[in-house]
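Working notes, structure below.
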Amino acid sequence: MHSFGYRANALLTFAMTILALMCAMASLSDNFNSPTPSAHVKVVNINRFQKQPKGNDEVSMQLNISADLQSLFTWNTKQVFVYVAAEYETPKNSLNQISLWDGIIPSKEHAKFWIHTSNKYRFIDQGSNLRGKEFNMTLHWHVMPKTGKMSADKIVMSGYHLPDEYR
């Protein structure tokens, strides 16, 4: 007859094996989801466009952000981190990214939203490269699952333009 310790060890090993198998299946099941999120960012107004005393350009703007990210949520999704970034090129850098707004979406019910906001973070370029600059608004998201690997993607929206003169 086996001792209590031996039986407890066998039961615990079996339970952990089943739990690991279920976690692996949950992680693999997310590969069958093909999300189709949509988003639109509109620059309503450029409140301030000025040169700082140190020579850097600074922009403050009003934004309308609308998105439908419900298709990112599955039964394995814990939350989604989302942010809007302005992306542009300068002679020094091929890609400059400045986060303008971010948020955490805790559930599918909150994943379809529309907000009117000013940029949450300062839009500053190190230099005076922003006058007349074309830039893209990009909505990035990171899906944080309950189990498995995180995934990230983005929607790039082009056609934005800053004024030629400071305001």
Side-chain angles (χ1 to χ4, degrees), residues 11-49 57-90 93-126 129-130 133-163:
L11 181 64
L12 186 62
T13 302
F14 178 71
M16 293 305 288
T17 302
I18 296 298
L19 182 62
L21 183 63
M22 289 176 61
C23 287
M25 288 176 20
S27 180
L28 291 174
S29 73
D30 277 347
N31 293 334
F32 299 113
N33 182 34
S34 45
T36 55
S38 62
H40 181 71
V41 177
K42 181 180 180 187
V43 177
V44 178
N45 186 30
I46 296 181
N47 301 331
R48 185 177 65 244
F49 182 35
D57 285 349
E58 180 179 7
V59 182
S60 173
M61 58 180 71
Q62 293 285 322
L63 303 169
N64 282 344
I65 304 168
S66 62
D68 183 0
L69 305 177
Q70 291 179 329
S71 63
L72 297 174
F73 280 84
T74 65
W75 67 273
N76 190 31
T77 304
K78 181 177 181 179
Q79 64 187 14
V80 175
F81 174 71
V82 61
Y83 67 98
V84 174
E87 299 179 345
Y88 60 96
E89 293 181 12
T90 59
N93 302 307
S94 61
L95 177 63
N96 295 280
Q97 290 183 317
I98 299 173
S99 180
L100 301 176
W101 173 86
D102 64 12
I104 295 174
I105 302 171
S107 65
K108 188 173 187 174
E109 291 77 33
H110 297 99
K112 191 171 186 176
F113 60 90
W114 178 89
I115 60 167
H116 176 78
T117 184
S118 59
N119 47 309
K120 189 175 179 180
Y121 304 106
R122 294 171 56 165
F123 186 166
I124 297 176
D125 179 65
Q126 296 176 343
N129 299 307
L130 293 180
K133 181 63 71 178
E134 295 280 335
F135 66 100
N136 297 330
M137 289 286 201
T138 306
L139 182 87
H140 297 261
W141 63 83
H142 296 266
V143 178
M144 298 171 192
K146 293 175 184 166
T147 182
K149 66 176 185 161
M150 285 180 43
S151 62
D153 207 351
K154 63 185 176 182
I155 297 175
V156 178
M157 295 157 274
S158 60
Y160 298 92
H161 186 271
L162 288 170

Which atom pairs, one a donor and one an acceptor, fall under 3.5 Å between side chains of residues 80-88 and the rest of the protein, sequence neighbours left out?
unit_1: Glu87; atom_1: OE1; unit_2: Thr138; atom_2: OG1; d: 3.0
unit_1: Glu87; atom_1: OE2; unit_2: Gln97; atom_2: NE2; d: 2.6
unit_1: Glu87; atom_1: OE2; unit_2: His140; atom_2: NE2; d: 3.2
unit_1: Tyr88; atom_1: OH; unit_2: Asp125; atom_2: OD1; d: 2.7

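- Across all non-hydrogen atoms, the minimal contact from Pro163 to Phe49 is O-CE2, 3.3 Å.
- Atom CG of Asn64 and atom CG of Asn45 lie 11.0 Å apart (nearest 0.5 Å).
- Residue Ile65 holds its CD1 atom at 8.0 Å from CG of Leu139, rounded to the nearest 0.5 Å.
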Would you tabulate the side-chain donor-acceptor contacts of residues 146-158 under 3.5 Å, counting partners in other chains and residues two or more places apart, or write 'none'?
unit_1: Lys146; atom_1: NZ; unit_2: Trp75; atom_2: O; d: 3.2

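- No side-chain heavy atom of Gln126 sits under 4.5 Å from any side-chain heavy atom of Thr90.
- Proximity of a side-chain donor or acceptor of Ser60 to a complementary backbone N or O of Asn47 within less than 3.5 Å is not detected.
- Scanning all heavy atoms of the two residues, the minimum distance from Pro35 to Ser71 falls at CB-O, 3.5 Å.
- To the nearest 0.5 angstrom, Phe123 atom CZ is 12.5 Å from Arg48 atom CZ.
- Note that the CG atom of Leu69 and the CD1 atom of Ile105 stand 4.5 Å from one another [nearest 0.5 Å].
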Please determine whether side chain to side chain contact (heavy atoms under 4.5 Å, CB included) holds for the pair Met137 and Val43, giving the CA-CA distance in whole Å, both sets of side-chain angles, and the decisive distance to 0.1 Å. CA-CA 10 Å; Met137 289 286 201; Val43 177; 3.8 Å; yes
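- Remark: Thr36 OG1 to Asp68 CG distance equals 7.5 Å, nearest 0.5 Å.
- Expressed to the nearest 0.5 Å, how far OG1 of Thr17 lies from CE of Met22 amounts to 13.0 Å.
- A pairwise comparison of heavy atoms in Gln62 and Ser118 identifies NE2-CB, 3.6 Å as the closest pair.
- Taking each heavy atom of Lys133 and Glu89 in turn, the nearest pair found is NZ-O, 2.8 Å.
- Between Leu72 and Thr77 there is no side-chain heavy-atom pair separated by less than 4.5 Å.
- Looking at Asn129 and Asn96, their side chains never come closer than 4.5 Å, going by heavy atoms from C-beta outward.
- Between the side chains of Thr74 and Asn33, not a single donor N or O lies within less than 3.5 Å of an accepting N or O.
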Check step by step if side chain to side chain contact (heavy atoms under 4.5 Å, CB included) holds for Val41 and Tyr160. CA-CA 10 Å; Val41 177; Tyr160 298 92; 3.8 Å; yes
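- Listed by first then second residue, pairs satisfying side chain to side chain donor-acceptor pair (under 3.5 Å) with a partner in residues 99-113 read Asp102-Lys120, Asp102-Tyr121, Ser107-Glu109, Ser107-His110, not counting sequence neighbours.
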